[in-house]
Amino acid sequence: MMDIPKEVVQTVASSNEIPDTVAEMSQEIEAPEINPYMISFARYNNRMCEISNLSGNKGRKAVETLKTIGTKIRSEADFQRNSIDRIPVCRDGAYKPLFNGLGEDIELKEIKLQSSGRIFYFDIESERVFYVVAIRENHLETDKVRR
């Protein structure tokens with residue numbers, strides 16, 4: 001158990017005030033960059049999701065990827081350092097339904113899960129929030145409609 005410093009316990013006798021030396025004690029404040037991304041399902045698109053259909057190791061890969069994001073990703077550069085894709089997708093073709101309910105300014109991206117599985121998401125780096133939109137067994141047939 002840590003003892004309370006005498007400066008805190010003792011007050012200035014004449015005015016019952018806390019001494020200036022206590023007021024000047026430094027406090028360690030955590031920088032916001034130290035916290036990893038928070039994962040949110042607030043924008044999850046149930047109609048486009050196929051999480052219950054994930055086969056093989058895709059489910060395990062999806063959980064491992066989300067775990068990495070929630071524990072090791074603190075900046076946009078950390079995605080690359082941890083080999084997590086950030087492939088932008090357009091609001092066209094088969095991708096269009098993924099954007100339902102999302103604002104016009106949202107930049108949707110995908111992460112590959114092995115060969116054909118995908119996690120579709122967007123993130124807000126300044127707030128370090130990773131929004132999962134859908135997890136799919138197979139990628140969407142788009143004839144390579146990407147940015």
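- Considering R136, K61, R60 in turn, K61 is the only one that fulfils the side-chain contact (heavy atoms from CB on, under 4.5 Å) rule with L113.
- Side-chain contact between F99 and V89 is present, with at least one heavy-atom pair separated by less than 4.5 Å.
- Considering every non-hydrogen atom in both P36 and G70, the closest pair reads CG-O, 3.3 Å.
- Between atom CD of residue Q80 and atom CG of residue D85 there is a gap of 10.5 Å, rounded to the nearest 0.5 Å.
- Nearest heavy-atom pair, R91 versus L102, reported as atom, atom and distance to 0.1 Å: NH1-O, 4.0 Å.
- At least one side-chain heavy atom of E137 sits less than 4.5 Å from a side-chain heavy atom of S55.
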(message) Before you tell me yes or no, could you show the steps for R86 and D123 under salt bridge (Lys or Arg N to Asp or Glu O under 4.0 Å), namely the whole-Å CA-CA distance, both residues' side-chain angles and the distance that decides it to 0.1 Å?
(response) CA-CA 10 Å; R86 292 177 58 84; D123 61 89; 3.0 Å; yes
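- Geometrically, R43 does not engage Y131 in a cation-pi contact defined by less than 6.0 Å to the ring centre and at most 45° from the axis.
- Closest non-hydrogen pair, S75 versus R81, comes out as OG-NH1, 4.4 Å.
- Rounded to the nearest 0.5 Å, atoms CD1 (I84) and CD1 (I73) are 4.0 Å apart.
- Classification of the F79-Y37 ring pair by plane angle, with boundaries at 30° and 60°, yields perpendicular.
- Hydrophobic clustering (side-chain heavy atoms under 4.5 Å, transitive across Ile, Leu, Val, Met, Phe, Trp, Tyr) keeps V63 apart from M38.
- Note that CZ of F122 and CD1 of I106 are 4.0 Å apart. Values are rounded to the nearest 0.5 Å.
- Within the 4.5 Å cutoff, side-chain heavy atoms of Y95 are placed close to those of F120.
- Side chains of K96 and C90 form no contact here, defined as non-hydrogen atoms less than 4.5 Å apart.
- To the nearest 0.5 angstrom, I111 atom CD1 is 6.0 Å from T65 atom OG1.
- Note that the CG atom of D78 and the CD atom of E125 stand 9.0 Å from one another [nearest 0.5 Å].
- Closest of all the heavy-atom pairs between L66 and I39 is O-CD1, 3.0 Å.
- Separation of atoms CZ (R118) and CD (E50) is listed at 12.0 Å; rounding is to 0.5 Å.
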